[in-house]
Amino acid sequence: MNGIIPENRLTPEIISYKTMRLIIGVLAIALPFSLLAGSFLVGGCGRVLGSISAYYHTRMRDLFVGVLCAVSLFLFSYKGYDLEDFLLCKFASLYALGIAFCPTLVKNESLACMVQPMYTNDIVSGFHYFFAAGFFSIIACISLCVFTKTHPDPVAVGEAVADGEVVADGEAVAARPPMTDMKKNRNKVYVGCGIAIMACLVLIPLYDFVLRKWLPLPCSPIFWLETLALVSFGASWLVKGGAIPALNDEAGA
Amino acid sequence: MRASDRLRSSYLGIRTAIGVLGIALPVLVSLLGFLELGPAFKGSISAYYYTNARDVLVAVLATIAIFLLSYRGYGRIDDAATNASGLFALGILAFPTYRSDRYVDRVGLFLLNDRVSDIVHTSFAAAFFLSLAFISIFLFTRSRETGSSVAKRRRNRLYRACGAVMVAAILLIVAFLVFLQRSPLARFKPVLVLESVALFAFGTSWLVKGKAFIPRARRDRRFSLERRDDPQ
């Protein structure tokens, strides 16, 4: 440590916004499974609870709150490419906080592993539903409409962008590269994930408010639908972060 | 601002957010605590785990932890140091402090007896602050070239001061816990005060590193300039 930063590490930021996307993806996918594993191993839950939010009332409360808030901070700091990305991520971030701080009210089951007193009521629980629905709507929207756009990506395109710069009104603007085959494949993933999230958004209230009375399934369908939505959310951000080598452009990222 | 500069500034934004969270934590838990305790303070920030401020405490610490784990910085030492402090922060969360009310309870992720958990908790907390002091004193003070600017040297003095404050606060907390716990001094909640001071120092250091005090227009211009100089 001689007080001078090594030559090849001068731009950590350029590398790390990609890491931010990866972390959002990993956290989203890890949340349901870590709650499930933790509640089985140390939480004393013998079976899957009715919804992911219900784990707030078990020993997994800190994990639930911690992961949601971490996702929220990363979404908050993620500025994306333009104002649209910026606003969508800010709102998603706020809604994620809302989900964490307005616990749901669990009425349909009482289990020994729900050790926390219910610090919540119908009104707070109503807000919880609102924030959860808003959060997943925005996430679907980002996957469907924002990720599918073609942007000058400084890392993916690398030097090609630097060469393709055109100067307009004294400001450097990168030329928009043509869509590669891989980008088209990635777009299919983004659209698929977006549609999966939308489907969950329809099916969850449909089951919760209508079908539950006629067809009470024992296998916690809401938990698994929420898991599907979170995995789709995570997958979309992982692909955006360049985690799947088969879908990346040959230029490196 | 170019798209790439926007993405870069996300990263500065996250440093700023960490600074704000560090400073906000003691204020938030104390204010939320008033709702439950009336006009009184708990003995330490960790003790707010057993009040209505629990979720906020967990949220802020977990966020700081995950950010530190993901932080890559300028070299292998940065990466190792921030990873270590991130793990220490998770340790603080997984092993809560003892319950100050009468009964003994099994707490935390590993359901330990709360007195045992408290020992692990305090060790992780000390390691957390010491690693943050190390980052502020030795890593934030490095620069791109040999000759650093006047402003950078001024910032370096501040980073070192913040680090020194964190180390001093930890030493004082340890001294209090070992020697003075039963003294009348305990009325003034010295652990809470010293922890808050350490967190303010941590927050200030990261805010300055995140260039939070530089006006936005100047910051944006700096990005563009820096990027042009970067070896691609």
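Chain letters run A, B, ... following the sequence lines, proteins first and then strands; every chain starts at 1.
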Fill in: Heavy atoms from other residues, nucleotides or ligands near OH of B/Y98 exceed 12 (cutoff 6.0 Å)
no

Worksheet item: Which atoms of B/V60 come close to chain A, meaning under 4.5 Å heavy atom to heavy atom: side chain ones, backbone ones, both, or neither?
Response: neither

Worksheet item: Heavy-atom count around A/F101 CZ within 6.0 Å, excluding the residue itself: above 12?
Response: yes

Worksheet item: For the residue pair B/I66 and A/A70, what are the closest heavy atoms and their distance?
Response: CD1-CB, 3.5 Å

Fill in: Most chain B-contacting option - heavy-atom pairs closer than 4.5 Å, from A/L63, A/L41, A/L73, A/V71
A/L73

Fill in: Minimal non-hydrogen separation, B/A62 against A/G66, with atom names
CB-CA, 3.6 Å

Practice prompt. Please examine the side chains of A/R61 and B/D55, heavy atoms only from C-beta on, and report whether any two atoms are closer than 4.5 Å.
Written response: yes

Worksheet item: Between B/F67 and A/F74, which heavy-atom pair has the shortest distance, and what is it?
Response: CA-CZ, 4.0 Å

Item to complete: Under 4.5 Å heavy-atom distance to chain B, tell me which part of A/L68 shows up: side chain, backbone, both or neither.
Response: neither

Worksheet item: Take atom CG in B/L35; do more than 12 heavy atoms of anything else shown fall under 6.0 Å from it?
Response: yes

Fill in: Spatial distance of atom OG1 (B/T63) from atom CZ (A/F76) [nearest 0.5 Å]
12.0 Å

Worksheet entry | Partners passing side-chain hydrogen bond (donor to acceptor under 3.5 Å, both in side chains) against B/D118 (at least two apart in sequence or in another chain) | B/T97

Practice prompt. With a 4.5 Å heavy-atom cut-off (strictly below), which parts of residues 19-30 of chain B touch chain A? List them by number.
Written response: B/L21

Discussion item. Please rank A/D62, A/V42, A/V67, A/V65 by heavy-atom pairs under 4.5 Å with chain B and give me the top one.
Written reply: A/D62

Response to the item:
Distance col, row B/L61:CG vs A/C69:SG, nearest 0.5 angstrom, shows 11.5 Å

